[in-house]
Amino acid sequence: MTQWSGPTLIAVFAGFGLAFVLVVPYVAISYRKRGELGLLRAIAAPAFLVYCFALVTYTLLPLPDVDAAYCATHEALRHPVWNPLQFVEDMRQFNTGLLDNPALRQVLFNVAFFVPWGVFMRRLFGRSIGFALVSGFFVSLAIETTQLTGVWFLMECPYRLFDTGDLLANTVGACVGALLAPVLRRSGRLRPADEPRPVLVRRRLLGMVLDLISVTLAGVVLSMIALAVQYVTKGTLQNNTLIDDVLGRWVPTVVLLLLVPLAGNGATPGQRAVLLTVVRADGRPPSMLQSIARFLIGSGGYFILVGLDSGWTSLWLLAHLVFMIFTRGHRGLTGLVCGLSVVDTRAVDREPVAPPG
């Protein structure tokens, strides 16, 4: 693993890991604020998290063995470069072509590294050019200060150089990104957030994925709590069926995918996030019997097959996918069997639901 691949891999895995944790609330907020998620925003949000972790990892990594000997041989790192145009003098020290000059390449890298910051501030968060520039400056200042203080005095001495030239280049990069951001402006008419949208296959799939993520995260949290209690009370950490199957799988599945719909409007957490709900032909929420049957035929049946290590799991998934794509209104196999329809939450009070057909 090279010096560059290490921080890159850490940033990618950490960024997507955090995106996995935050995806359900982020999608829910996006649908309520803008009425939809949008392809560009779906890509930009996790990319921003990866980028933020990249800023951290490239600031801190790789960590050298900072001891008294290291500090003695790197005394120059204690003295900041206060001239922001020092790179011009540095360029003259290299007898190379302009594009091959290491000092110039470093400056261009620092500019390019903060171009995404300006783009994200404008397009993802809707901020002004001025905000992108100022925030880019302060983020870069935080990075340089972290380097000057040896990771805020956690190290015996700095192991990287505080350079105002980097601060200038980063700020210029944020400004460039902010100026380029309008190129990514979405075309087409933006509909009001409260205007109902069609129930499309990708929206149904997104709701299902969010349900799976919700169950997975809830299971992880419950399992970790159980392991922590076990460690405190017994002084050991040992997985067992109670933790793995009951707390890790069945409790979150039953609570989130059966009890939550029963207590609410019939929608699972994933469906709620994308503003979908489940109704009968007359527009009312499902009955208790319909909800239980829907759970057993759908998500509950899936986890039963997984728990039994059944070879029918793949066929179950394929059948539900086919029915979800080709049934009217994409209500799926559970909707077809239970006489239910999947509709946009914003349309429930506006028009009667078409009877199943």
Side-chain angles (χ1 to χ4, degrees), residues 1-19 44-66 70-71 74-88 90-91 102-125 127-181:
M1 184 178 293
T2 66
Q3 174 178 342
W4 295 111
S5 64
T8 301
L9 290 176
I10 293 173
V12 169
F13 282 111
F16 279 106
L18 185 58
F48 176 70
L49 293 178
V50 172
Y51 174 72
C52 288
F53 276 104
L55 290 176
V56 174
T57 56
Y58 280 107
T59 299
L60 302 179
L61 303 179
L63 288 173
D65 185 13
V66 180
Y70 180 93
C71 295
H74 294 79
E75 179 65 26
L77 296 178
R78 298 178 182 270
H79 306 287
V81 177
W82 296 114
N83 181 10
L85 300 180
Q86 179 64 39
F87 70 90
V88 176
D90 294 340
M91 289 174 56
L104 179 60
R105 285 185 174 183
Q106 182 64 31
V107 172
L108 294 178
F109 172 80
N110 284 325
V111 172
F113 197 36
F114 265 70
V115 168
W117 180 269
V119 175
F120 284 128
M121 289 301 106
R122 293 294 310 281
R123 300 305 305 132
L124 186 59
F125 298 102
R127 299 294 185 174
S128 65
I129 294 177
F131 181 90
L133 188 151
V134 173
S135 62
F137 170 82
F138 279 106
V139 169
S140 179
L141 180 62
I143 291 174
E144 295 298 321
T145 304
T146 300
Q147 295 175 161
L148 175 64
T149 57
V151 194
W152 300 99
F153 308 105
L154 293 177
M155 304 293 183
E156 292 186 34
C157 63
Y159 62 94
R160 292 193 180 181
L161 184 66
F162 182 103
D163 191 341
T164 55
D166 294 347
L167 185 61
L168 174 62
N170 294 158
T171 306
V172 169
C175 185
V176 170
L179 293 173
L180 293 176

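Worth saying up front: this structure is predicted, and the values here are computed from it rather than measured.
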Beyond-backbone contact of T149 with P158, side-chain heavy atoms, under 4.5 angstrom:
no
For residues 145-174, which residue pairs qualify under ring pair (Phe, Tyr, Trp, His ring centres under 6.0 Å), counting only residues two or more places apart or in two chains?
W82-F162
What is the distance from atom CG of L154 to atom OG1 of T146, rounded to the nearest 0.5 Å?
10.0 Å
Do any side-chain atoms of residues 111-121 form donor-acceptor pairs under 3.5 angstrom with protein atoms, and if so which ones, sequence neighbours left out?
| unit_1 | atom_1 | unit_2 | atom_2 | d |
| --- | --- | --- | --- | --- |
| W117 | NE1 | S135 | OG | 2.9 |

Taking only residues two or more places apart in sequence, or in another chain, which ones meet C52 in a disulfide bond (SG atoms under 2.5 Å apart)?
none
Quick one: pull up CE in M155 and CZ in R160 and give me the separation to the nearest 0.5 Å.
10.5 Å
Between N110 (side chain only) and D166 (backbone N and O only), is there a donor and an acceptor less than 3.5 Å apart?
no
How far apart are the closest heavy atoms of E156 and R78, and which atoms are they?
O-NH2, 4.2 Å
Starting from the C-alpha separation in whole Å, work towards a yes-or-no answer on side-chain contact (heavy atoms from CB on, under 4.5 Å) for I129 and R122.
CA-CA 7 Å; I129 294 177; R122 293 294 310 281; 2.9 Å; yes
Could you walk me through whether L168 and L85 pass the side-chain contact (heavy atoms from CB on, under 4.5 Å) test, one step at a time?
CA-CA 9 Å; L168 174 62; L85 300 180; 4.2 Å; yes
With a 4.5 Å cut-off on side-chain heavy atoms, are F53 and V50 touching?
no
Flag, side chain of S128 to backbone of F131, donor-acceptor distance under 3.5 Å
yes
Counterpart residues, side chain to side chain donor-acceptor pair (under 3.5 Å), relative to D163 (two or more places apart):
none
Rounded to the nearest 0.5 Å, what separation is found between the CG atom of L167 and the OG1 atom of T145?
8.5 Å
Donor-acceptor pair, distance only, cut-off 3.5 Å: does the side chain of S140 make one with the backbone of F137?
no
Go through the structure and list residues passing ring-ring contact (aromatic ring centres under 6.0 Å, His included) with F125, not counting sequence neighbours.
F48
Min side-chain heavy-atom separation P80-T164 under 4.5 Å
no
Please set out all donor-acceptor pairs under 3.5 angstrom arising from side-chain atoms of residues 172-179, sequence neighbours excluded.
none

